[in-house]
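The block underneath contains the structure these notes are about, expressed in structure tokens.
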Amino acid sequence: MIDSELDPYVEWIAREARRPVVTDQAARDRIMASVRAEPLPQRRPRLWERVLEPRAFRLSPAGSALIAAGLVGIGVLAGGFVHNRDGGLPVGLSPIAVVPQTQLPVSDTVVKFVFVAPQAGKVSVVGDFNGWDSTKTPLVRAPNGAVWTVELPLSAGRHLYSFVVDGSWSADPSAPLAPDDGFGHANSVKLVRRGSAL
Amino acid sequence: MTCVSRGASRRPSLSLLWGAVALVLSGALPAVAQDPDPLSKLDPSSKFAVELLIDSANTLGLPSDYLRSTALQGIALKVDGKRIVVECRKKFNLLKTAHAILGSVGGEELKAGASVLYAGAKPNQLAPFKARQQNRNDLEAFTIWADLITRGVPSEEASSAITKLWQDGADDATFYGLWNNVQSDILKGLNPGAAFQNRIRETPGRPTANKVTPPEGQENQSSR
Amino acid sequence: MSDDAADVQRVLAGDVDAYAALVDRYYDRCARFAIRMLGNRDDAEDALQATFLRAYRALNRYQERDRFSAWLYRILVNQCRSVAARRSHRERVFVREEALLLNAPDRTPNWSGEDEEFVQRVLNELDPLLREAFLLKHIEEMSYEEMSALTGVGVSALKMRVKRACDRLRERWERIKND
């Protein structure tokens, strides 16, 4: 049986549940303390010792054939068991999509982003308004060559953003900083009021 | 799900098979037409955890776009998935805290409040902002507050001063002006605490009850 | 002779400390199953204590042709069932993901610790027989034949239990999504 029934959620549960648990050495010590308080288990004669004990029995030719067939069958079954052992979890299953329900207010304000970078070859703006995708909102170099700008309609509210200058992220020096990046980089904050460009 | 159809019959009839194919195609085609979910760039475990947090935020009426944006930024910066989840969970908890303190305010204000907490303000320092006049918005105050702490202004000083300004009825322009002056002084080389103390004294509606003393070492750094 | 078989022979020859090697070798894996199965560490430790003690007492009946791990697991599964039955009167509180997330601590460097709690709660909601089958299949990663030998339950019944466990988990997720 192939375990293709495992969807990402179940797969995640299984993967997390497979993580080792933290155990306490004291618990093992308690087990050994109990074990030492027990009498020693008495060794029984091993199977081969019992099998090799001299005894008399008779076997008919038909009985021999049945036993031989049975042994072959066991071998086949055992081989089947080995090869049918179910393996790991499936990969490449389509993940569950959850559409966020909370949306920003409707856009009604055009915001101009300005960045001064005379030496830069490429400048774009990334933020919560474009999925932090540096390819979506490039800035255009002004004729004087130093100032890069782009105008963007934004919804009213608080927006986090950064400039990407030749691949490096840079906060906007003319805007307040946001602490809540969490990835070792400071974003800037743009507050957009309804109907009033900042 | 595949599990159900496979379990129903070991050898499905041809019509059932075609039905299943049609079902799969009907579900798959719209998905192909859409942009792929950018969260899919996360490993499945992290993606699930982020989606669960987003889902939980939606259930609680919290602005889940704050969490989604965090995850997308982490993806853009090629941050490890587990770190992204940790960050999203941290912000989820901050949103809850902000919501518990500020009450029924808009999502943007909750995000700004969470940001102040993220910067290092204590939850009880947000409490005075719950009592507000109708139509008064604390976005600017929260944004400036968080920025000042981020730039190195001692959290206690920034918190008490911003709160006092807010309680005295300072408007957005006052907060912005304070920030503009402080960050300008910091850029000139002043110690953030000293820059803040200098500028708060000349800000209209500045706190009078809390006389603040310059932080240690201020003299050396502000003499430049 | 495997390490396990050699250790068993040493114990039977009078070297009790050799049993500590077996305990060390299998304790963590058994503990993972017991904790996942029983949902709390106290019950799990009871089951583990009883398992290793019973295995010790029965060591003279262990046959070398069996894998020691499979033999030990058979005892463990039974002990977990016994502990679960004894403690079944306990009130079980199942918490939804949302509630768990609400209580998640702020400081979250210990990723696995938080998720362990979350996953445990999810598993706790499964019927014990489904949970047992799911754990043996997807956490212990046994074949259905191994599971059958361990539990005495037929392969087809075990497949059905695993499938139902997966279905329950998936339905649960669908409920959360649609709330």
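Within every chain, numbering begins at 1; the chains are lettered A, B, ... in the order of the sequence lines, protein sequences first and strands thereafter.
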Between B:S45 and A:E16, what is the shortest heavy-atom contact and its length? OG-OE2, 3.5 Å
Using heavy-atom distances under 4.5 Å, tell me whether B:L139 contacts chain A through its side chain, its backbone, both, or neither. both
Any side-chain heavy-atom pair of B:I149 and A:P179 under 4.5 Å: no
Residue, of A:A186, A:A175, A:S188, that accumulates the most heavy atom pairs under 4.5 Å with chain B: A:A175
Heavy-atom count check: over 12 atoms from other residues, nucleotides or ligands less than 6.0 Å from A:Q119 CD? no
Does any non-hydrogen side-chain atom of A:D128 lie less than 4.5 Å from one of B:Y66? no
Could you tell me if the side chain of A:W132 sits less than 4.5 Å from the side chain of B:S69, heavy atoms only? yes
Find the distance between CG (A:L177) and OG1 (B:T143) and round it off to the nearest 0.5 Å. 11.5 Å
Does the side chain of A:R158 come within less than 4.5 Å of B:S115's, by heavy atoms? yes
Among B:T150, B:L72, B:L148, B:L77, residue most engaged with chain A (heavy-atom pairs, under 4.5 Å): B:L77
Among the listed options B:G120, B:P44, B:A71, B:G74, the residue most often paired with chain A at heavy-atom distances under 4.5 Å: B:G74
Where is the tightest heavy-atom contact between A:F183 and B:T70, given as atom of each residue plus distance? CE1-O, 3.4 Å
Residue A:S174 versus chain B: region with a heavy atom under 4.5 Å: backbone
4.5 Å side-chain heavy-atom contact, B:Q73 and A:W169: yes
